[in-house]
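Read through the structure below, which is laid out as structure tokens, and then see the notes.
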Amino acid sequence: MQQSTSTAVNVANYLPTVDPDTFPVIEWKGVRVVTTETLARGYNTEVNNIRNNLLNNKGRFVEGVHIFKLDGEELKSFKNYINDIDVVNKRAPSLTLWTEKGAARMSKIIDTDEAWDFFEQMETAYFHPVQHMLSHGDASAKVQMHMMLNESAARMLN
């Protein structure tokens with residue numbers, strides 16, 4: 001009897017990690033948001049797929065609840081607000097920002113393991129980082145929470 005010489009290879013899909021150093025926090029109107037590009041990268045799909053799914057399901061996404069569509073002066077204001085973060089092309093005529101609820105709905109529409117896994121990571125590490133730190137017994141959670149609150153207050157004053 002002859003043995004097989006084939007080798008098993010793990011070809012697990014790459015899953016982006018929600019890391020604050022490479023995943024900057026973006027807030028608009030007091031709400032944490034992500035860009036279409038971030039969703040596409042995390043959900044392992046094309047930007048146009050996200051945009052087309054939004055267009056095809058526009059009745060399921062409420063402005064100010066699931067998404068923020070920025071253009072004109074509002075977009076200009078946003079670009080000035082995040083001027084140190086390379087989030088939006090300076091020539092972009094419009095921008096869609098996704099709230100937690102919008103990102104959740106889009107992950108349901110995309111319906112892949114990557115989309116579900118990435119949304120779950122964003123949910124705990126990005127949209128609710130303080131609750132995540134406190135629920136996991138992080139000894140420095142109170143200090144980190146205090147620092148986050150101070151940073152948030154400083155942004156509000158500027």
Mind listing the closest non-hydrogen atom pair of Asp71 and Ser94 along with its distance?
-> CB-CB, 4.1 Å

Heavy atoms of Ile50 and Tyr43 approach each other most closely as CD1-CD1, 4.1 Å

Measuring from Ile109:CD1 to Thr45:OG1, what's the distance to the nearest 0.5 Å?
-> 12.0 Å

Residue that, paired with Glu74, satisfies salt bridge (Lys or Arg N to Asp or Glu O under 4.0 Å) out of Lys29, Lys79, Lys69 | Lys29

Same cluster for Met122 and Trp116 if Ile/Leu/Val/Met/Phe/Trp/Tyr side chains link at under 4.5 Å?
-> no

Rounded to the nearest 0.5 Å, the CG atom of Asp117 sits from the OG1 atom of Thr112 at a distance of 8.0 Å

With Glu120 via salt bridge (Lys or Arg N to Asp or Glu O under 4.0 Å) - residues at least two apart = none

Between Phe68 and Val47, is there a shared hydrophobic cluster once you connect ILVMFWY residues whose side-chain heavy atoms come closer than 4.5 Å?
-> no

Ile26 and Phe78, any side-chain heavy atoms less than 4.5 Å apart = yes

To the nearest 0.5 Å, tell me how far Asn44 CG sits from Ile110 CD1.
-> 10.0 Å

Can you see which heavy atom on Trp28 is nearest to which on Leu70, and at what distance?
-> NE1-CD2, 3.4 Å

Say you draw a straight line from CG of Leu54 to CD1 of Ile67; how long is it, rounded to the nearest 0.5 Å?
-> 5.0 Å

Between the side chain of Tyr126 and the main-chain N/O of Phe119, is any donor-acceptor distance below 3.5 Å?
-> no

Flag yes if more than 12 heavy atoms outside Glu63 fall under 6.0 Å of its CD atom; otherwise flag no.
-> yes

What's the shortest heavy-atom distance between Val88 and Ala92, and which atoms?
-> CG2-CB, 3.9 Å

Do Leu97 and Thr35 come close enough that some side-chain heavy atom pair is under 4.5 Å?
-> yes

Measure the CG-CZ distance between Leu39 and Phe118 for me, rounded to the nearest 0.5 Å.
-> 7.0 Å

Only distances under 3.5 Å count here; give the side-chain donor-acceptor pairs of residues 99-107 to other protein atoms, sequence neighbours excluded, each with its distance to 0.1 Å.
unit_1 : atom_1 : unit_2 : atom_2 : d
Thr99  : OG1    : Val65  : O      : 2.7
Thr99  : OG1    : His66  : O      : 3.0
Thr99  : OG1    : Lys101 : N      : 3.4
Thr99  : OG1    : Gly102 : N      : 3.2
Glu100 : OE1    : His128 : NE2    : 2.8
Glu100 : OE2    : His128 : NE2    : 2.9
Arg105 : NE     : His66  : NE2    : 3.4
Arg105 : NH1    : Arg60  : O      : 2.5
Arg105 : NH1    : His66  : NE2    : 3.3
Ser107 : OG     : Ala104 : O      : 2.7

Treating Ile, Leu, Val, Met, Phe, Trp and Tyr as nodes and any side-chain heavy-atom pair under 4.5 angstrom as an edge, say whether Val31 and Val62 lie in one connected cluster.
-> no

Output for pair (Thr96 OG1, Arg51 CZ), nearest 0.5 Å, gives 7.5 Å

